[in-house]
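Below is one structure, written out as structure tokens, with a few remarks after it.
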Amino acid sequence: MNAMGKRTYISVILPLKLGWEPCYWTDIEDIAIGQRVTVQFAGKSYTGTVSATGIEPSISPSKIMEISDRDDSLSKISRQEIEFWRRLAEYYMCTIGEVYSIACPVAKINSEKAKARKEELLKAKIGKTISALERKEAMLKSRIGRKAAELEKCRSEEKKERLSAEIDKLKEETATIKAERLRYLSSEIPAGISLPWEMSDIADIHIDLSPKQKEAMKQIEAAFGEGKTVLLNGVAGSGKTEIYISLAAKTLQNGKNVLYLVPEKAMSRQLSERLEGYFGNALLTFHSGKTAAQRAEIAETIRSCGESGKRYLVLGTRSSLFLPHHNLGLVIVDEEHDSSYKQDSPAPRYNARDAAIMLGTVHSAQSSDADDIRSRCNVILGSATPSLESIYNCLSGKFAEARLSNRYYGDGRTDVEIIDTIAERKKNGMTGSFSKKLVKHISDALGCGQQVMLLRTRRGYSAALQCTGCGYIPKCPKCNVSLTYHKDNGRLECHHCGFSSASTGKCPECGEEMKTLGSGTQKIEEEAATLFPQARIARLDSDTARSARYEAETIKSFSRKEIDILVGTQIVTKGFDFGNLALTAVMQADTMLGIQDFRADEKAMQTLVQFKGRCGRRGERSLFVIQTAQPEHPVYKMLSGEGQAEYISRLLAERAEFNYPPFTRIVDIILKDRIEERAERMAKALAGGLLDFRTTGPYTPAAGRRDDEYSIVIRVTLSKDRQLALLKKMLVKRIEEFESANRYNGHICFDADPI
């Protein structure tokens, strides 16, 4: 306590959308930044984080409430974590409270509290056990003393022998009790937490790199020496992972920790087995497939590493950015172009690639010696198909680029064949979703004992059902989008909100038969089973991946050549290494291009190049087939002739001409309302008040209604210069004024850098 009950005023971050950090007072003398406190706000109790102490309140002290309690059972939040939250909130135009809600959700806090209570009970139980053992040990020593005194006075040899035996037995029992007491006294770390290796255990890690990889390593380390983020631009199978492992080993050997980001948990499962061989239990994996208890244990292990001085390497998806990192020396962002790195809801709507660079900056800025390459937190982004944003950053000198242009096992030739499905149908060359040409290629590959992978970017059995009589198409009552038919469970599902209903096969409007429109992964799998009855076929999409065990087993089975044909969505295009894969084929490729998005061609290019890179990874000849109704499209020409670099130059020129990113920045202002008319009226009024900004809209997005809420978007294009941060603040202030003037709070949010 402070002397005379003196008040200390503090600011507290609460898990709420607040434009300020509320002020409270306390008489706890050693209150510190990062400690967790329980406070009252608007009649409710919240657990918050102290963000400043000793502040001068801006309101009357009589209006400031005292904190309810300081919760010492919860771990302290570091200054680096708070600074990271602040940067995210500022860039992604949300409040620090919204970031705090993501970093420390209520469930996580409750789990920490429950764990702390359990540990307190355990400590109390251990204390009672130790006290009981001490009493028993003292009693035994007393008995030994009495027996020894009796032995000293004894004259009978027979009795002496008996007393000596009793004393020896009592001493043996005392030694056992003492050992048990000492064991309990050393029980400081609760069971279940596995602390990573000592530094000496990873000192001998060494990766054999090819001459090309060594050259890339020199370029990377030189760029790190200049304090630059590095883009490792390497073709599929070029050995980027070996470079990541080498950099991670060096970082750990220098006494720093590593964060290794991947876009999908499926990738982390295959990669974790490989990394574990090098880093053992220094490797910690973190993704949504882990239970809440497992995630809490990983967070606690990281904190324990900070206290013990041990090192760790976290392999995780985007949420692992919010772990209590300390002493970070390297952040790896693999497949940096991947759209899975973008959080679309709730706020902060961050891109993990860009957030990782922020995290690296925070850990470098707070390093004891930021000029020393070993003290900084270096960031490396890697991809075979880098985002145009990262390529532009390299061209402008913001990033450094290192290239790997050859595959690690040699450049096995991958032929590209584009099949015109319209022409094939005219000459009866299609069997369902498969062209007869593709059927022959698959048969040839299977006949040689090789494996096949088929990509269809839509899950389910068919994109929709349609009545053969009146043309009715079932739509989601909450989102107003077509429901996808899933044949395996006979249900219609909305892939936006999760709404589901049973399908009777009859039209609810006129009673006629319903027919399928288009085909999803389920239908492709069914057709493949009919065409290739002897083949072992499996499917991997977000329906099957809901079972983490099935997903992991499917990937392992395909690696072990226990599956002949794997049908999947974009999941199968990402970073997997299958040595026996000789044929990859894209079914209905044009669905990737029919999206109302200026990034559609870029995303299609990335998906196709990545998928092509899954085969021929051991220097063997392979085949990449694209079935399309637009064989002359520039994306397909790029794959079969023009070349990726030339195509990227064309895309950048188009972006510059039309003022699209990466030459500008985009912010989407999203209005959500359950009343459509009010949403439209407010959007028009808001757009009218933003005439000094360059805006597009208001317009209704593809999924204009989701979960009974209507969405309307106003897109704002901002110049990419030193005024960007100021313009964002002005935009936030303008929206706050609009909300206040129109009493429209809680309906508007921002999406900075939408993808």
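- Between E562 and R560, at least one side-chain nitrogen of the basic residue sits less than 4.0 Å from a carboxylate oxygen of the acidic one, meeting the salt-bridge criterion.
- S557 places no side-chain N or O within 3.5 Å of a backbone atom of T554 that could act as its donor or acceptor partner.
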E526/Q522 under side chain to side chain donor-acceptor pair (under 3.5 Å): CA gap, chis, key distance, verdict:
CA-CA 6 Å; E526 181 181 279; Q522 286 184 12; over 6 Å; no
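- Put simply, the side chain of Y244 never gets that close to the backbone of Y260: no donor and acceptor are under 3.5 Å apart.
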With side chain to side chain donor-acceptor pair (under 3.5 Å) as the criterion, how do T664 and T717 come out once you've worked through the C-alpha distance, each side chain's angles and the decisive distance to 0.1 Å?
CA-CA 7 Å; T664 56; T717 301; 5.4 Å; no
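- Counting heavy atoms from C-beta outward, L446 and Q534 have side chains that stay 4.5 Å or more apart.
- In this structure, I357 and F399 have side chains that are in contact, with non-hydrogen atoms separated by less than 4.5 Å.
- Side chain of K228 to backbone of A400: no donor-acceptor contact under 3.5 angstrom is found.
- Separation of atoms NZ (K212) and OG (S405) is listed at 7.0 Å; rounding is to 0.5 Å.
- Within the 4.5 Å cutoff, side-chain heavy atoms of R655 are placed close to those of F598.
- Separating the CE atom in M587 from the OG1 atom in T521 is a distance of 11.5 Å, to the nearest 0.5 Å.
- The shortest non-hydrogen separation linking P386 to L231 is CB-CD2, 3.9 Å.
- Side-chain contact between Q570 and S340 is absent, with no heavy-atom pair separated by less than 4.5 Å.
- With rounding to the nearest 0.5 Å, the separation of CZ in F663 from OG in S719 is 13.5 Å.
- Looking at S320, its side chain does come within 3.5 Å of a backbone N or O of T317 through a donor-acceptor pair.
- One finds no salt bridge joining K637 and E646 here, because no Lys/Arg side-chain nitrogen approaches an Asp/Glu carboxylate oxygen to under 4.0 Å.
- Applying the side chain to side chain donor-acceptor pair (under 3.5 Å) test between Q606 and each of K603, Q610, E602 identifies E602 as the sole match.
- The CZ atom of R353 sits 12.5 Å away from the CG atom of L321 when rounded to the nearest 0.5 Å.
- With contacts defined as side-chain heavy-atom distances shorter than 4.5 Å, the pair L209/S246 qualifies.
- Using a 4.5 Å cut-off on side-chain heavy atoms (C-beta onward), V572 and R614 make no contact.
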Test log, rule side chain to side chain contact (heavy atoms under 4.5 Å, CB included), inputs K436 and T431
CA-CA 7 Å; K436 291 181 179 178; T431 303; 4.1 Å; yes
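- Residues V635 and D601 approach most closely at CG2-O, 4.0 Å, considering heavy atoms.
- By the neighbour-count criterion of 12 heavy atoms within 6.0 Å, atom NZ of K342 is densely surrounded, having more than that number from other residues, nucleotides or ligands.
- Formation of a donor-acceptor pair under 3.5 Å by the K398 side chain with backbone atoms of T229 is not found in this model.
- Considering every non-hydrogen atom in both Q213 and I243, the closest pair reads O-CD1, 3.9 Å.
- No side-chain donor-acceptor contact under 3.5 Å links D344 to the backbone of D751.
- Looking only at side-chain heavy atoms (C-beta outward), D334 and M267 come within less than 4.5 Å of each other.
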Let me see the working for R274 and E242 under salt bridge (Lys or Arg N to Asp or Glu O under 4.0 Å), right down to the final yes or no.
CA-CA 10 Å; R274 186 173 178 185; E242 284 81 4; 2.5 Å; yes
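- With rounding to the nearest 0.5 Å, the separation of CD1 in I712 from CG in D668 is 13.0 Å.
- Here the closest non-hydrogen pair linking E493 and S500 is CG-OG, 3.9 Å.
- Atoms CD1 and CG, from I648 and L388 in turn, are 6.5 Å apart once rounded to the nearest 0.5 Å.
- In terms of heavy-atom proximity, F434 sits nearest to Q627 at C-OE1, 3.9 Å.
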Please step through side chain to side chain contact (heavy atoms under 4.5 Å, CB included) for the pair T628 and H633, ending with a clear verdict.
CA-CA 9 Å; T628 173; H633 195 282; over 6 Å; no
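- Using a distance-only test at 3.5 Å, with no hydrogens or angles considered, a donor-acceptor pair links the side chain of Q644 to the main chain of A384.
- Considering H337, E336, R599 in turn, E336 is the only one that fulfils the side chain to side chain donor-acceptor pair (under 3.5 Å) rule with S387.
- Under the 3.5 Å distance criterion, the side-chain polar atoms of R536 are matched with a main-chain donor or acceptor of K561.
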List the steps, then state whether side chain to side chain contact (heavy atoms under 4.5 Å, CB included) holds for L639 with Y647.
CA-CA 9 Å; L639 284 162; Y647 187 64; over 6 Å; no
Test side chain to side chain contact (heavy atoms under 4.5 Å, CB included) on T695 and V716 and set out the steps.
CA-CA 4 Å; T695 63; V716 181; 4.0 Å; yes
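- No donor-acceptor pair under 3.5 Å is formed between the side chain of Q630 and the backbone N or O of E632.
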Side chain to side chain donor-acceptor pair (under 3.5 Å) between E527 and S433, intermediate numbers included:
CA-CA 8 Å; E527 290 181 8; S433 304; 3.1 Å; yes
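- Between Y92 and N351, the closest heavy-atom pair is OH-N, 3.2 Å.
- Taking 4.5 Å as the limit, some side-chain heavy atom of F611 sits within range of a side-chain heavy atom of M453.
- Around NZ of K720, the count of heavy atoms belonging to other residues, nucleotides or ligands within 6.0 Å exceeds 12.
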